[in-house]
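Just the heavy atoms: all of them, side chains too, but no hydrogens, waters or symmetry mates, feed the values below. Numbered from 1 within each chain, the chains take letters A, B, ... in sequence-line order.
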Amino acid sequence: MPEKPTRDRLTPWLLSSIPVVMILMFAVPYTLLREVNAWYGSFLFWSVGTVVVIGINVVLTREWKD
Amino acid sequence: MTSEWVWTGVAIYVVLALVMAVLSRAGASQSMSGYFLGSRKMGGFVSAMSYSATTYSAFMMIGLAGLTYAGGVGALGFELLYLCGVTLVLIFGPRFWRVGKKYGFVTPSEMLGHRYASKSAGAVIALASCIFLIPYAAVQLAGVGYLLSGMTNGAISFTAGTVLAVVLALVFALVAGLRSVAWTDSLQAVVMILGASLVVVVVIWQLGGLDMFFDRLAEDPGALTVPGEGYFTFSTFLGLTLPWIFFSISNPQVSQRLFTPGSMREMRKMLLGFLVIGFIYTLVSVFWGFTARLEFPDLASSDMATPTLLGSDLVPTPLAIIVMVGVLAACVSTIDSIMLTLSSMVTRDVYTAARTGAGERGQLLVGKLVLPVIAVLAYWFAHLELDLIAVLSVSASAGLLVMVPPIIGAFFWRRGTAAGVISSVVIAGSLVLWLEATSTVWLGQGSGIWGLLVAVTIFVGVSLATSAPNRRAADFIDASRSG
């Protein structure tokens, strides 16, 4: 049996990492970043979290053809 | 701002949009799916632009900027979590698309009616969507009336603004259905993204650059943290965010778009294009709110943040006009999509459920006749200024959330039944309305949270107690998976 392509094995991991990122987007600003009143606090955290989620969407839709 | 400038801007927009609408007629067909779904052949770019224009109403630029003005960076977190929620399209997009193609569904409620083997279930969902979405469209309309009259100091009256918006929405919807709506949406989205981003660049440059901008914000206590000065408590944040995370599947005017792309490749372009545009839109609106917070700290109402910024010396007049016309167009693009979706739902799920055997041409005629009725209703509601309208509009996102369990169940739970769908939508939907109408807050949580919990409980409980359409469920779920 040929081994499954790496991307197939990655798919469930990538898909389940999205809710994890989103839960962190709820939790971290209200705990660790609660006192950081600067651009590198919640502002950056939420922006980076969103870019990560968009990136995962790019990877997971590569196979969408016809 | 003089009214001549404003009217010139509006006139240029109307002419351009009409040209696009008429050009989009080429290839328009006489079937329901041709009119309401662009013959299921929509391209990715136009779909992405149109999806953005439909989602981001005039209130994104006003409401989100206002929320930032009042509560600081929490507004960014709320809107970006919504955007991340659009990831649901990864799971539901291909499934909607496959079953839409196989069974010929035109509306999401028709899909649910088929899946649960009950036209009544489809009709209940269609009617519930009308109850929440017509007032939502009406409030959009009223908003644009206030904005135009506010920015021109009354030179354009409230009535003139709302009449203009409703007539344009109706014309764009009638010319060629989804095709003309999508093309005019695209024009609006491109103009708005460019104009609105340019405003940010110009304003930040005038305020001394990005470093200076953030340094000043850092001196404003709570501007860059949650809960900030106390506005964004965790409950408030959760209550706002949760209904919006499911927006992409709960709101029919956007979930219907999952039937429209010509191929999965085009759907990919739609999804990724929307995510990128949404990210830019969100940052832009939040920057506007922050700017108003720094420069105009004593506004009477936070909703004045955007109009004040655009009317100020910080923004050159021609740019302000472009963005203001963009806000008008954003309102039109949200309303015409809602009108089109509701009209297709009334025709497909209520009219044909009551009159079996109605042909495609007959249905399409009814659909086109329903469009002006919805437009007039929205216009009439906008002028009523009833408290109930405001309540219905505010509860729209929370109210539509109660449809999420039947939608998820359709694809992933064979035991779901029509009785479960109807009872959960009616009871949980009424609960949301009652909580909002009486301003009741249970345990400090928003109405959407209770609506969703009750909807899940009733849907699962009643479904388990009634018999499921096993054969239909198996066929449907198989069709949604095989691509």
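- The most heavy-atom pairs under 4.5 Å with chain A, out of B:Arg268, B:Arg265, B:Glu266, come from B:Arg268.
- Contact annotation for B:Phe279: only side-chain heavy atoms (C-beta onward) come within less than 4.5 Å of a heavy atom of chain A.
- Interface remark: B:Pro227 contributes backbone and side-chain atoms alike to the contact with chain A (heavy atom separation under 4.5 Å).
- Counting heavy atoms from C-beta on, the side chains of B:Leu217 and A:Trp39 never come closer than 4.5 Å.
- For A:Leu15, the part sitting under 4.5 Å from any heavy atom of chain B is the side chain, from C-beta outward, and nothing else.
- Proximity to chain B (any heavy atom under 4.5 Å) is shown, for A:Phe45, by neither the backbone nor the side chain.
- Residues B:Thr87 and A:Val53 are in side-chain contact: their nearest non-hydrogen atoms beyond the backbone lie under 4.5 Å apart.
- Looking at B:Phe213, there are no atoms closer than 4.5 Å to chain A (heavy atoms on both sides), in backbone or side chain.
- Using a 4.5 Å cut-off between heavy atoms, B:Leu271 contacts chain A through its side chain alone, with no backbone atom that close.
- Side-chain rings of A:Phe43 and B:Phe214 approach one another, their centers coming within less than 6.0 Å.
- Taking all atoms of both residues into account, the shortest heavy-atom contact from A:Arg34 to B:Val226 is CG-O, 3.7 Å.
- In this structure the side chain of B:Cys84 reaches within 4.5 angstrom of the side chain of A:Met25, judged on heavy atoms.
- Nearest heavy atom pair, residue A:Asn37 against residue B:Ala218, reads ND2-O, 3.0 Å.
- Rounding to the nearest 0.5 Å places CG of B:Leu224 at 11.0 Å from CG of A:Leu44.
- Within the 4.5 angstrom heavy-atom criterion, only side-chain atoms of A:Ile18, from C-beta onward, approach chain B.
- Looking at heavy atoms from C-beta onward, B:Leu90 lies in side-chain contact with A:Asn57 at the 4.5 angstrom threshold.
- At most 12 non-hydrogen atoms from other residues, nucleotides or ligands lie less than 6.0 angstrom from CZ of B:Phe45.
- Using a 4.5 Å cut-off between heavy atoms, B:Asp215 does not touch chain A at all.
- When B:Thr282, B:Leu83, B:Leu283 are each tested for a side chain to side chain contact (heavy atoms under 4.5 Å, CB included) with A:Thr50, only one passes: B:Leu83.
- The environment of A:Tyr40 atom OH is sparse: at most 12 non-hydrogen atoms of other residues, nucleotides or ligands sit within 6.0 angstrom.
- The parts of A:Val58 that come within reach of chain B are both its backbone and its side chain, each placing non-hydrogen atoms under 4.5 angstrom from that chain.
- In this structure, the side chains of B:Val286 and A:Trp46 stay at 4.5 Å or more apart for every pair of heavy atoms.
- Within a 6.0 Å sphere centred on CZ of B:Arg40, other residues, nucleotides and ligands contribute more than 12 heavy atoms.
- With a 4.5 angstrom heavy-atom cutoff, B:Leu81 touches chain A via backbone and side-chain atoms both.
- When A:Pro19, A:Ser47, A:Pro29 are compared by the number of non-hydrogen pairs under 4.5 Å with chain B, A:Ser47 comes out ahead.
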